[in-house]
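Working notes, structure below.
Residue numbers start from 1 in every chain, and the chains themselves are labelled A, B, ... in the order their sequence lines are given, proteins ahead of strands.
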Amino acid sequence: MSASVEIQLIAVVVAVACALPGVFLVLQRMAMMSDAISHAILPGIVVAFFLTGDLGSPWLILGAAGTGVLTVALVELMRKTGLLKEDAAIGIVFPALFSIGVVLIARYAGDIHLDVDAVLLGELAFAPFNRFVFGGVDLGPKALAIMSGILVLNAIFLTIFYKELKLVTFDAALGAALGFLPGVMSYALMGMVSVTAVGAFDAVGSILVVALMVAPPAAAHLLTHRLPTMIGLSVGLGAVSALGGYWMARFLDASIAGSMATAAGVVFMLAFLFAPEQGYVPQAIRRSAQRVRFGRTMLLIHLLHHEGSPDAARECSVDHLEEHLRWEHGFAARAVRSAVSKDLVIRSGNALALTTTGRDAAQTALVHM
Amino acid sequence: MMEALFTDYTLRTVALGASLLGVVSGALGGFALLRRQALLGDAISHAALPGIALAFLVTGSKAPLVLVTGAALAGWIGAALIMSVTRRTRVTYDSALGIMLSVFFGFGLVLLTYIQRIPGANQAGLDNFLFGQAAALVEKDVLVILGLGSGALVLLAVFWKEFKVLSFDRAFGATIGLPMKRLDHLLTALFVIAIVIGLQTVGVVLMSAMIIAPGAAARQWTDRLGRMIVLSATFGAVSGLGGALVSSSAHHVPTGPAIVLIVSAIVVVSLLFAPNRGLVWRRIREWRHGRELRVDAVLLDLYALASQHTSSDHPHAERVLNVMSGVSASARPTLRLLELLGLARKIDASRWSLTPEGVERAQRVIERQYGS
Amino acid sequence: MATEKIDAAIDVRDLTVAYGEKPVLWDIDLEVPSGVLMAVVGPNGAGKTTFLKSILGLVRTAAGSVLINGRPYADMRQRVAYVPQRGSVDWDFPTNVLDVVMMGLYGQVGWVRRPGRAERDRALMALDQVGMESFAERQISQLSGGQQQRVFLARALVQDADIYFMDEPFQGVDATTERAIIDLLRALRERGKTVVVVHHDLQTVPEYFDHVMLLNVRRIASGPVGDVFTEEHLRTTYGGRVSFVRAVAAAT
């Protein structure tokens, strides 16, 4: 495989591995935990590195997972004191842990290539150079092996605990009542996040982990209500972001991780703008049509209320609509036009009157309120 | 170490910059804490990166004021986008924060690497903003911090009472005629400024702690907003100064993390030891209260037993008191305490009786509890 | 001598609020004369809080207008005071009782100026009116529900307004506070003030209020309690839970 293909493969695997826990983070409104954890695991990695002396050791992953869980535990602890709100606790815990990690690196590993830059940013371009050699056979880039392993782990976890995760996400109270342990599930999820983050560090850095865990699932959430579809879409959109980002980086000769994050952002923006039900543009179009329909109904009811009354002549005129209902000139005209075109109202000069159909429609509308 | 503060130019500059930064971020961070904007600070500091890169690309200048302005604009746009996305769709606040943070930052990285490829352009200095390179602070940087920071603080003072209402009861403020939306924009803008002037010193990742931790600590010591903000600024300054000093005297301890660790320590100490709210005091209070309850309970038990006899100093077996005490603890420690207080007397190995003072106090407790 | 038309204290016309296509308030007309204690009642989700908020300009309206003493609300803000629901703020905010009450005067103090002795005295007087003067320096997190409610009331009283809008002021307060509040409202009425209260407890409507508006997206009925608070109107408003409705009407 060429280096280019290998990089793209790694990128897609990372994206998919991140999308899986990401869906639940987003649904549980804990998206920022991905940011907190991906920074806070630094000291865990460093300590594991000190203990094993090996940057490629699997203990690093365990060290990271442990620190990730520690982060969540510390945040919970602070929150339970009642002296701090949760967002403040998060904003204090992860920088403190990250600082510990940085100081450890600076003091004791200054000359070894455990570089803060790499931790934050990663560089996928170098991944093909770091091979996974097993029994003398070159099995591809190390990053690919690690991330694939993590992807499989995440997928297995998701499959086994799908029911529990779903319940805990949508109804924690019910989950607890049924004997599932929401707390344990939550910690397990954070463990997944930590493991994924550390696996992806080397290749893409922590910031991209956040982008891939949050943006594709958030975009998917705008496109569907169903959990399985959302998971599938997150995976797909994540892969698209990964590939799109890679080619963008090729074209601009720029950071691959940064481009992938940007691509994820573009994907989200497209979903935000154009998602059929939730998107901004369809909503605006619908709103416009809604307002006219709404205005028309209001007009009918207004006419119904006032026809035959002593001030009917005044109330049932076009000018009065603007004054009485506080409608802008254009809107009143559109509502009237819409009503006239549907044969609900007859207009003679300034005066408006209901047709029989119009009266029926007005009465039906009243009932339905 | 302290005299180095006056002789060493670098240390002086860094210490000054860090302390000023601490004051400004502490003051504005106090409001952010109350408005639950801790993580917004994190997002804004990440979102500032493309602004810095673009400012350099567009102007070709690395002057601190230029870069800070770019950072501020990008941060401001990021904050505005977050608000608008959460208002118009069902994307939640935390997701919007996470997206804005990572996407803007990623885009900033793209720009940085793109700058790197431009022949002649040197991206050194730009990535100081990423990780904070306090040691690279020069006088000009400190002047920018001082200028923008004091401007922000002045505005904070001018609109103090309006910001207070904005943070406490925004709807009410609207009804008394205050322009809440514009005040919100202004306070957010000041917040953005507080963040971007600190990026050079502590870097993107650590900035959220600089904003939130001083305020979180200060909140534990006082219930008055004014004092809280002043205290928060003080904690920020102390952390900044302390971080600079520690970093210069110890080997291989970068300034940014040093500052954050100091302010985090201040938070922990505040959470534990602040009078009233502090956990240690809370535990002591509970313990004292529990002890008082136990003392009164055993005292009354003794009194009840004694009143079945003609004299109040009739001795009673500890065993009986244990049973009356209820299931959990033995009455012995409390009896010992009563003895210490002069309210009871040990007759022999396992029997106790009330002293006259004990009788008096028991009567007072009964009066208090049941009315005379 | 020609009779002058006295402006109603509150004149709401065609007030309509909608979220998308769903109407929350529809075509509300309401005239409230001054010197009246009016309850706004209706089932949950009927739009009662939205009604208050749309009058106060806190919620965007699809149509309609509000006149206060004959002039648009925007011009008459200083004649109107608002007591929101207690749950709408975080009571852990670092401030004390006196400070909260003085916030009611910030609109009058103006920009930059700090509230001075005069404002402080007015705030203390308002606290005295609700029986909380001795609590002036108390941290608001240490207050009970009834005390919190009284602080909010004092904050409204200090504005010396003509018209008061209150959102469920009796919700979750102790009996003493409830009596204190109703006495206060009656005193306001004696002075010719107008008080509109979103009220949650149908049982006490006839006892506490002289006017009532029955609201369920539309105005079902409004006017003096005796005329309007009938079984039929209640049934229309609450959708026919007959025994409950009958019991309430029987209490009138």
Flag the one option from [options] with the top tally of heavy-atom pairs under 4.5 Å to chain B.
options	answer
A/A261, A/G101, A/G258, A/A211	A/G258
A/A249, A/G91, A/G265	A/G91
A/M33, A/K85, A/M30	A/K85
A/L84, A/D253, A/I92	A/D253

Atom pair [atom1]/[atom2] of [X] and [Y] - distance to nearest 0.5 Å:
X	Y	atom1	atom2	result
B/L271	A/L77	CG	CG	9.5 Å
A/E86	B/L39	CD	CG	9.0 Å
A/I207	B/F105	CD1	CZ	5.0 Å
B/S102	A/L208	OG	CG	8.0 Å
B/T92	A/L27	OG1	CG	8.5 Å
B/L206	A/S99	CG	OG	4.5 Å

_Before you tell me yes or no, could you show the steps for A/F268 and B/V91 under side chain to side chain contact (heavy atoms under 4.5 Å, CB included), namely the whole-Å CA-CA distance, both residues' side-chain angles and the distance that decides it to 0.1 Å?_
CA-CA 11 Å; A/F268 173 76; B/V91 175; 3.9 Å; yes
Measuring heavy-atom distances to chain B, does [X] have an atom under 4.5 Å in its side chain, in its backbone, in both, or in neither?
X	answer
A/S259	both
A/M78	side chain
A/D35	side chain
A/Q278	both

Heavy-atom neighbours of [X] [atom1] exceed 12 at 6.0 Å:
X	atom1	value
A/R286	CZ	yes
A/R29	CZ	no
B/Y93	OH	yes
B/R90	CZ	yes
A/W247	CH2	yes

_Chi angles and distances behind the side chain to side chain contact (heavy atoms under 4.5 Å, CB included) call for A/F98, B/V260_ = CA-CA 10 Å; A/F98 187 76; B/V260 168; over 6 Å; no
Side chain, backbone, both or neither of [X] within contact of chain A (heavy atoms, under 4.5 Å):
X	answer
B/R282	side chain
B/L33	side chain
B/V204	neither
B/S95	both
B/V267	side chain

Indicate yes or no for a side-chain donor-acceptor contact from [X] to the backbone of [Y] under 3.5 Å, with no hydrogens or angles considered.
X	Y	result
B/R277	A/L83	yes
B/D94	A/M32	no
B/T113	A/A254	no

*Please lay out, stage by stage, how A/F94 and B/V205 fare under the test side chain to side chain contact (heavy atoms under 4.5 Å, CB included).*
CA-CA 9 Å; A/F94 88 80; B/V205 176; 4.1 Å; yes
_Top contributor to chain A contacts, counting heavy-atom pairs under 4.5 Å, from B/G256, B/G106, B/A258, B/A265_ =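 Most heavy-atom pairs under 4.5 Å with chain A: B/G106.
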*How far apart are the C-alpha atoms of A/F272 and B/T89, what are their side-chain angles, what is the distance that settles it, and do they pass the side chain to side chain contact (heavy atoms under 4.5 Å, CB included) test?*
CA-CA 8 Å; A/F272 166 72; B/T89 61; 3.5 Å; yes
